[in-house]
Amino acid sequence: MQLSEPELRRRQEREELLHLGIEPYPAAQFTVNATAADILKNYERRKTDYKNISLAGRIMSRRIMGNASFIEIQDATGRIQAYFRRDDLCPDDDKTLYNTVFKKLLDIGDIIGIQGFVFTTQTGEISIHVQKFTLLTKSLKPLPIVKEAEDEQGNKITYDAFADREARYRQRYVDLIVNPDVRETFKKRSQLVQAMRNFMQEKGYLEVETPILQPLYGGAAARPFKTHHNTLDMTLYLRIANELYLKRLIVGGFEGVYEFAKDFRNEGMSRFHNPEFTQMELYVAYKDYIWMMECVEEMVERVALALHGTTEVQVGEHIINFQRPWKRYTMFEAIQEYTGIDISAMDEGGLRAVCAQLNIDVPDTLGKGKLIDEIFGEMVEGKLIQPTFITDYPVEMSPLAKKHRGKEGLVERFEAICNGKEICNAYSELNDPIDQRARFEEQIDLGKRGDPEAMMLDEDFLRALEYGMPPTAGLGIGIDRLSMIMTNSPSIQDVLFFPQMKPEPIVVAPSDSDYEAMGIPKAWWPVFNKMNHKSVEDIKAIAASKLFNDLGGLRKKLKVDAPMPTLDEVKTWLGQ
RNA sequence: GAUUCGUUAGCUCAGCUGGUAGAGCAUUACACUUUUAAUGUACAGGUCCUGGGUUCGAGCCCCAGACGGAUCACCA
């Protein structure tokens, strides 16, 4: 890797600090007794408490004005201005600490500790008057410079925002340093998980952990990631869901279990899909899906209140209100509401005619259940902005859900739809082992017909059901999707710290020792570095005459103080 | 996987009909003891994503590729 000029300069500064006896990465702990947010919030009311403060953070901007300077320092809670004055820091004749260390050897991005007292500047900004500072970490890579200001109305204006998505996702650490909104989004995500966990702890449910490496994958319809265990010499799959394990725990006698689970699905990626994602699954014994709807409403309403202090949340152009109770439709009612067509009594032929009438393209292979799902997906789902429960799904699509207590061909299942997307999925869980086996066998048939997502038959799970699982309500709720809504993020990548991406190409640049091995005189090494070849092989592939010409050109540009080699010498270097 | 847009200085971006590569910020130097996008002056900084092609001449046109975004498809 060729280092840019700022990078070289910072490495040089690191050396100079060492020469001055200043350790750029000290071991001694720097004790902090204040945060930026605390000072800005409480200083005016409790001035005497801020006479002797100690704070650490990253330098985010510098305004040097001769013998006085202002910097902005950023800690985990925010930014605060600090005031450095030469004669305070260097009361004696030796002004090195200010003139050299502070002004020349520190940069934006360096992490320092400061000690001093809080005051208000003439322009009214609460600031720290620094009496002593300590370098804690020298930063060798320049940060993207983002400048912020406020207009007359007090609106925040950002200049030169660090907005390139690829760079932001690949180097999330930089994104987090430079974009405060990103930090806020992830804090909200954490609060969301915390609010849900508190909710379930209060109800007395048990938080559990179940296997991620599974010999059989199940609990959802999806393609898995496959791996291999060497000692056991067996195939294992990364879980696509943890449903079947949590139900085993209900069989075992726990009456409420939940897990925040990373699941893995080997499928397409989009702004709603990442190969690994988080679901919270909850199973409660002696409950049904109607009870579970109330539970979801209460939990999600609680989350909205915890994050926003209100049930109303701005999402894109909509304001979504999570206040209970939410609207409820059966799937048939919802389709009738949005298309005007009652499909509840239709057979497959009738449903196909409806698809044709609504201009929905469907493959001939689809059965009745999938046709209904297609109509719902095309005509209804995207229009449901406010949180809405859709209940009573066709049995063909739900091999783990209990048959409806009153309606033939349906199961006791609901999804909550919000902002046009599913956020959760729940059933009265199927606990009849004979029925469950039959449903698995239907799935196996589907698999034989080529459906890559058909479920596998899990004999151990069936054995557990045969011992008897009490009537149970189960829920899976997508934490990423819910986070997107609660933080007004248009893409799943905005709520994942490290979204999946293709790896960056790794370039192994030739080094000085490579040049030496090729017999190139040292004076020419900078020239080869400047040419930035990707590898030694790349250099050797260049025609000697072309390289000879290039060397001549760069010799002039870089002012190389060495005689021009002959064409024959160049050929020797290249082994040609 | 398909379509489409993008990739130019450390960062954010301009770049005309194909004719010597531009700005602001950051950096460097100097000035400046309460500034706040600090200011003023000066300097420096570029494989224009990669590889081919067309052309006297390519950042720009053509072909292929890499990476990324968006939409669609797939997908609880």
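Numbered from 1 within each chain, the chains take letters A, B, ... in sequence-line order.
- Here A/Gln81 lies in heavy-atom contact (under 4.0 Å) with a base.
- For the ring pair (Phe, Tyr, Trp, His ring centres under 6.0 Å) with A/Tyr217, the lone residue among A/Tyr245, A/Phe225, A/Tyr237 that qualifies is A/Tyr237.
- Contacts of A/Arg86 with the nucleic acid, taken as non-hydrogen atoms under 4.0 Å apart, are absent.
- B/C25: Watson-Crick or G-U partner is B/G10, with both key distances under 3.5 Å.
- Across the strands present, B/C74 finds no partner; the criterion is a Watson-Crick or G-U wobble pair with both atom distances under 3.5 angstrom.
- Distance, A/Glu5 CD to B/C43 C1': 11 Å, rounded to whole Å.
- Each of A/Asp392, A/Val411, A/Thr391, A/Thr330 was checked for a side chain to side chain contact (heavy atoms under 4.5 Å, CB included) with A/His404, and the lone residue meeting it is A/Asp392.
- A/Phe264 comes within 4.0 angstrom of nothing in the nucleic acid, heavy atoms only.
- Pair assignment for B/U33: none, as no Watson-Crick or G-U wobble contacts are both less than 3.5 Å.
- Across all strands shown, B/C5 is found opposite B/G68 as a Watson-Crick or G-U wobble partner, with both distances under 3.5 Å.
- Counting only heavy atoms from C-beta on, A/Gln122 has its side chain closest to B/U34 among B/U34, B/U28, B/U33.
- Taking atom CD1 of residue A/Ile64 and atom P of nucleotide B/U35, one finds them 16 Å apart after rounding to whole Å.
- Shown are A/Phe414, A/Tyr329, A/Tyr289; of these, the ring pair (Phe, Tyr, Trp, His ring centres under 6.0 Å) with A/Phe389 is made only by A/Phe414.
- Salt bridge absent: A/Asp75 and A/Arg58 never bring a charged side-chain N and a carboxylate O closer than 4.0 Å.
- For the P atom pair drawn from B/U17 and B/C11, the interatomic distance equals 29 Å after rounding to whole Å.
- Within 4.0 Å of A/Glu125, counting heavy atoms only, lies at least one base atom of the nucleic acid.
- Between the CD1 atom of A/Ile145 and the P atom of B/U27 there is a distance of 6 Å, rounded to whole Å.
- No engagement by A/Arg10 is indicated, since no non-hydrogen atom pair under 4.0 Å with the nucleic acid exists.
- The same atom, P, is picked in B/G18 and in B/C62; the two are 10 Å apart, to the nearest Å.
- Base engagement by A/Glu422 is indicated by at least one non-hydrogen atom pair under 4.0 Å involving a base atom.
- One interatomic measurement links the two molecules: CG of A/Leu8 to P of B/U28, which rounds to 13 Å at whole-angstrom precision.
- One N or O on the side chain of A/Lys95 and one on the backbone of A/Asp92 form a donor-acceptor pair closer than 3.5 Å.
- When the C1' atom is compared between B/G15 and B/C60, the two are found 9 Å apart, to the nearest whole Å.
- If A/Thr121 and A/Lys370 are placed on RNA chain B by their nearest nucleotide, the residue sitting closer to the 5' end is A/Thr121.
- The A/Phe162 side chain lies nearest to B/C11 when the options are B/C11, B/C74, B/A38.
- Using a 4.0 Å cut-off between charged nitrogen and carboxylate oxygen, A/Lys247 and A/Glu429 count as a salt-bridge pair.
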Next on the checklist: Protein within reach of the bases, or only the backbone? For nucleotides 68-73 of chain B, mark each nucleotide 5' to 3' as B, S or -, using heavy atoms under 4.0 Å.
Outcome noted: SS-S-B
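- Look at CD on A/Glu72: it is 14 Å from C1' on B/U34, rounded to the nearest Å.
- Of the side-chain N and O atoms in A/Lys104, one or more sit less than 4.0 angstrom from OP1 or OP2 of B/C30.
- Environment of NZ in A/Lys41: sparse, with no more than 12 heavy atoms of neighbouring residues, nucleotides or ligands closer than 6.0 Å.
- Heavy-atom distances to RNA chain B give each of A/Phe119 and A/Asp107 a nearest nucleotide, and the one nearer the 5′ end belongs to A/Asp107.
- Here A/Leu143 lies out of heavy-atom contact (under 4.0 Å) with every strand.
- Spacing between atom OH of A/Tyr83 and atom P of B/U33 amounts to 10 Å, rounded to whole angstrom units.
- A donor-acceptor pair is defined here as one N or O able to donate and one able to accept, closer than 3.5 Å; no such pair exists between the side chain of A/Thr388 and the backbone of A/Leu384.
- The CD1 atom of A/Ile71 sits 17 Å away from the P atom of B/U34 (whole-angstrom rounding).
- B/A38 and B/G24: their C1' atoms are spaced 16 Å apart (whole Å).
- Looking at heavy-atom distances under 4.0 Å, A/Ala167 makes no contact with the nucleic acid at all.
- Look at A/Arg63 and you'll find a side-chain N or O under 4.0 angstrom from OP1 or OP2 of B/A38.
- Straight-line distance between the C1' atoms of B/A42 and B/C67: roughly 39 Å, to the nearest whole Å.
- A salt bridge does not link A/Arg11 to A/Glu15: none of the charged nitrogens lies less than 4.0 Å from a carboxylate oxygen.
- When the P atom is used for both B/G68 and B/C25, the distance is 33 Å, rounded to whole Å.
- Between the CD atom of A/Glu7 and the C1' atom of B/G10 there is a distance of 8 Å, given to the nearest Å.
- For A/Arg172, the side chain to side chain contact (heavy atoms under 4.5 Å, CB included) partners are A/Arg168, A/Tyr169, A/Asp175, A/Leu176, A/Val182, A/Phe186, A/Phe497, A/Phe498, A/Pro499, not counting sequence neighbours.
- Phosphate contact (OP1/OP2 of B/A38, side-chain N/O of A/Lys147, threshold under 4.0 Å): present.
- Between the C1' atoms of B/U28 and B/C43, the separation comes to 7 Å (whole Å).
- With both ends at atom C1', the span from B/G65 to B/A29 equals 44 Å, rounded to whole Å.
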